[in-house]
There are 2 protein chains.
Amino acid sequence: MTRQPTIEDVARTAGVSKGLVSLALNGRPGVAQETRKRIDAAVAELGWRPSANARGLATKRAYSLGFIVRRDPITFQADPFFASFLAGVESVLAERDQVLVLSVVPDVEREFEAYRRLTSDRRVDGFLITDLLQDDPRVRLVADLGQRAVTLGRPDSESPFPAIVRDYDAGIDELLTHLAELGHRRVAHVAGDERMQHATTRLTRHLEVAARLGLQTIVEHTDFSPESGAAATHRLLDRSERPTAIVYANDPMAIAGIAVAHERGLTLPRDLSITGMDGSDTGRFVYPALTTLDNDPVGWGRAAATALLSYIENGDGDDVTLPAAALILRSSTAPPGSPG
Amino acid sequence: MTRQPTIEDVARTAGVSKGLVSLALNGRPGVAQETRKRIDAAVAELGWRPSANARGLATKRAYSLGFIVRRDPITFQADPFFASFLAGVESVLAERDQVLVLSVVPDVEREFEAYRRLTSDRRVDGFLITDLLQDDPRVRLVADLGQRAVTLGRPDSESPFPAIVRDYDAGIDELLTHLAELGHRRVAHVAGDERMQHATTRLTRHLEVAARLGLQTIVEHTDFSPESGAAATHRLLDRSERPTAIVYANDPMAIAGIAVAHERGLTLPRDLSITGMDGSDTGRFVYPALTTLDNDPVGWGRAAATALLSYIENGDGDDVTLPAAALILRSSTAPPGSPG
DNA sequence: GTTGTCTTTTGAACCGGTTTAAGAAAGTGC
DNA sequence: GCACTTTCTTAAACCGGTTCAAAAGACAAC
């Protein structure tokens, strides 16, 4: 374990000054071709890589992005979205020699603290903001801190940051059309946490499309947790006029809903059709396998990281639109009352 | 958004040299009480926080821990363990002004690259290593890189690093005793990926205890994914002599197993008792709610981060033993053939 | 008043990069 | 052969901390 080489070592083996090495490696003009080659050779020979600390100190950058996840212990339980999202983020960061700094915090206080700390310690050059709330205070906070960010989804309030957006409308269209074609007329929507932006946009769209298709909608509100999804399912199944199909705003709730239906002795999908949303693999392994709307979390990750980096580097950035969410048909939907 | 204050600013307002500020703030002896107070006041007034980059450059530290997760797209899907584990890690890092650098990578090559890159860029002071494999190559790699680490579990091969361990044996004891007392005699074990350390230790223990209790054990091997858990369940239920209870090496497989049982028209837990392991909340929301072995992932996170930091600071560290895993009784177990 | 000891503070060097003004070398024109 | 450009390279300053040898001050003893 010998000392790692520094730029000084590279300069020495290439027989030039360290300033020139820096110029050459950052692709600055005005370095002779031949010299550039000698420097590259020296770098390769020594296996030199710049110290992120030293470079960051000089350039006032962290070469890191921050991602703060509030793990409201009830709601959050290991949303399948995150692992894939992070893989997408990493794939672009690795290419650019950048890094992701992650904080998982239990409550809003700690969350705000984390934003402040990562900023004041100059740990990150920008933040990825997911799970937007109505009038999300994080947007204000991050803007006030003078930090950069991108948001997954477009905030309802004023935001100086680029937004990554995906069209869910078309998918919800497909989903409800599918149910309507199967013959369902009474379709419930188990909405997510009202404070979350995507919960309400999904509900709104459901209501619009249902109206257009002549479907009756019953709405239940939840906090996105499987627990509350289960409770909502009980309420729906206790009604005198039961829905014949239930659309859940995410997969974990839909899975909990399936369990409730089993518990109550229903045969799925004959007695009840169920769909998720924000599709994940998990839904493939429950019985019956869950019909859902795909959400390509890796795509979200790649897009968000790319947009944030270019926003940081150029000081401006445009919104990015991802391909529309598509319906994944599995086996949790069927005509109402169809033979088991 | 004015420039953030530097230590020089603090020195000026306190009327001392910047060297002294540094000494005072790092609690070095030989600074007059009165001066120390003036410096603290200046820090508070300006809201100064040290630049992690500058400090790291001077001390050759990153004040960051690295955590690399290989998201073998098949196996990994959002293991509920991670969110809680990370929350535990964060809780100790936040107190110490340190930070977690996370990489989620798709394959072993990228994984090794990530260890190398984080090391050569001096991004982290050490690594958290989870999901130990048999003769895990990461231990060698990290040691060869001259990095520090702690492992979750004790590697079977030579390791220079402190290990965090939890006794599962007692829990498996409890679990099997519970099944035996219910009257089960043929108990299957759906083991995890054989290459993973904890998969085989759990299996080994199961076999020992089952022998002691006079239980017959049928073993199926999997890769820990729900998909393979489902397949294993089918194989078990296709046998002429079916097991009356199945112990799965993790919760996601157990949940998939429940779905398979439903699909085949079994009534749970009457026709089949099912238990998980590595307990998570998810198991509460399936039907029937899953009996499992608790695993306090937050505790793992706190212990791992604490141990790694002190190993980094002191250059040596002892293994840490967590409280034994305990049985969580829910409703997926019952006497065999008991009335639904 | 001098000397010595102990405590407190300063100033400069250093960590490993980037940036820029100034210097050296090479090329051009006459 | 000399002056003038243009191209390439160096040296030094800088980023914001830490560290340490040496200076300064305070105090006691003689």
Side-chain angles (χ1 to χ4, degrees), chain A residues 2-40 42-43 46-64 97-99 119-123 125 313, chain B residues 2-40 42-43 46-64 97-99 119-123 125 313:
Chain A
T2 55
R3 189 180 56 88
Q4 287 190 54
T6 72
I7 199 171
E8 196 59 71
D9 299 322
V10 174
R12 201 171 311 116
T13 45
V16 295
S17 70
K18 74 172 185 172
L20 192 57
V21 174
S22 175
L23 296 181
L25 285 156
N26 291 314
R28 297 308 181 71
V31 179
Q33 269 308 317
E34 205 274 326
T35 314
R36 211 178 276 273
K37 269 184 198 154
R38 273 208 333 276
I39 292 174
D40 287 347
V43 167
L46 300 177
W48 175 80
R49 309 212 71 207
S51 148
N53 266 337
R55 186 209 278 264
L57 181 57
T59 58
K60 295 179 183 301
R61 293 258 275 117
Y63 300 100
S64 313
D97 278 329
Q98 312 236 349
V99 123
T119 299
S120 58
D121 294 2
R122 290 84 147 186
R123 288 285 198 168
D125 301 317
E313 274 152 30
Chain B
T2 55
R3 190 180 55 87
Q4 286 189 55
T6 74
I7 199 172
E8 197 56 72
D9 300 322
V10 174
R12 201 170 314 117
T13 42
V16 295
S17 70
K18 73 171 187 173
L20 192 58
V21 174
S22 176
L23 296 181
L25 285 157
N26 292 314
R28 298 306 182 71
V31 180
Q33 268 309 318
E34 205 274 326
T35 314
R36 213 178 274 274
K37 271 185 198 155
R38 270 205 338 274
I39 291 174
D40 287 347
V43 167
L46 300 177
W48 175 80
R49 310 213 70 207
S51 147
N53 267 336
R55 184 210 280 262
L57 180 57
T59 57
K60 294 178 183 303
R61 292 258 275 117
Y63 301 101
S64 314
D97 278 329
Q98 312 234 352
V99 123
T119 299
S120 58
D121 294 3
R122 290 84 148 186
R123 289 285 200 168
D125 302 317
E313 273 151 31

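First the proteins, then the strands, lettered A, B, ... as listed; each starts at 1.
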### Query
Of the residues in residues 33-40 of chain A, which ones touch DNA chain D at a heavy-atom distance under 4.0 Å?
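The stretch gives Thr35(A) as the residues lying under 4.0 Å from the strand, ordered by number.
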### Task
Taking side chain to side chain contact (heavy atoms under 4.5 Å, CB included) as the test, write out the residues that go with Thr13(B), two or more places apart.
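Expected list: Ala42(B), Leu46(B).
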How many whole angstroms separate atom [atom1] of [X] from atom [atom2] of [N]?
X	N	atom1	atom2	result
Arg28(A)	dT10(D)	CZ	P	17 Å
Asn53(A)	dG16(D)	CG	P	14 Å
Arg55(A)	dT19(C)	CZ	P	9 Å
Tyr63(B)	dC15(C)	OH	P	16 Å
Arg3(B)	dG16(D)	CZ	C1'	10 Å
Asp9(A)	dG17(C)	CG	P	9 Å
Leu57(B)	dC14(D)	CG	C1'	12 Å
Arg122(A)	dC15(D)	CZ	P	13 Å

### Message
Can you work out whether Ala54(B) or Gly30(B) has the more 5'-proximal nearest nucleotide on DNA chain C?
### Response
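In this pair, the answer is Gly30(B).
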If I take atom [atom1] from residue [X] and atom [atom2] from residue [Y], how far apart are they, to the nearest 0.5 angstrom?
X	Y	atom1	atom2	value
Lys60(B)	Gln4(A)	NZ	CD	9.5 Å
Ser51(B)	Leu57(A)	OG	CG	6.0 Å
Leu25(A)	Ile39(A)	CG	CD1	6.5 Å
Leu23(A)	Thr35(A)	CG	OG1	11.5 Å
Asn26(B)	Arg55(B)	CG	CZ	5.5 Å

#### Entry: Beyond-backbone contact of Val16(B) with Val10(B), side-chain heavy atoms, under 4.5 angstrom
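Result no, sub-4.5 Å side-chain heavy-atom pair not found.
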### Query
Counting only non-hydrogen atoms, which of residues 18-25 of chain A are less than 4.0 Å from DNA chain C?
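Of all residues in residues 18-25 of chain A, the ones placing a heavy atom under 4.0 Å from DNA chain C are Lys18(A), Gly19(A), Ser22(A), Leu23(A).
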### Query
Between Ser17(A) and dT10(D), does any side-chain N or O lie under 4.0 Å from OP1 or OP2?
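The answer is yes; a side-chain N or O of Ser17(A) sits under 4.0 Å from OP1 or OP2.
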### Under 4.0 angstrom between Trp48(B) side-chain N/O and dG17(D) OP1 or OP2
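Yes, Trp48(B) has a side-chain N/O under 4.0 Å of OP1/OP2 on dG17(D).
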Shortest side-chain distance from [X], nucleotide among [options]:
X	options	answer
Thr6(B)	dT10(D), dG17(C), dG17(D)	dG17(D)
Val16(A)	dG16(D), dT10(D), dG17(C)	dT10(D)
Ile7(B)	dT18(D), dT9(D), dT18(C)	dT18(D)

### Query
If you look at every strand shown and take non-hydrogen atoms under 4.0 Å, does Asn26(A) touch a base, only sugar-phosphate, or nothing?
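Result for Asn26(A) = sugar-phosphate.
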### Query
Touch check for Thr59(A), heavy atoms < 4.0 angstrom, all strands: base, sugar-phosphate only, or nothing?
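If one applies the 4.0 Å heavy-atom cut-off, Thr59(A) turns out to touch the sugar-phosphate alone, with no base involved.
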### Salt-bridge criterion met for Asp9(B) and Arg12(B) (N-O under 4.0 Å)
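A salt bridge is present here (some side-chain N lies under 4.0 Å from a carboxylate O).
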### Query
Under 3.5 Å, side chain of Asn53(B) to main-chain N/O of Arg61(A), donor-acceptor pair present?
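Between the backbone of Arg61(A) and the side chain of Asn53(B) there is a qualifying donor-acceptor contact (under 3.5 Å).
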#### Entry: Test applied, side-chain contact (heavy atoms from CB on, under 4.5 Å); reference residue, Arg123(B); option that passes from Asp125(B), Asp121(B), Thr119(B)
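Checked Asp125(B), Asp121(B), Thr119(B) against Arg123(B); only one passes side-chain contact (heavy atoms from CB on, under 4.5 Å): Asp121(B).
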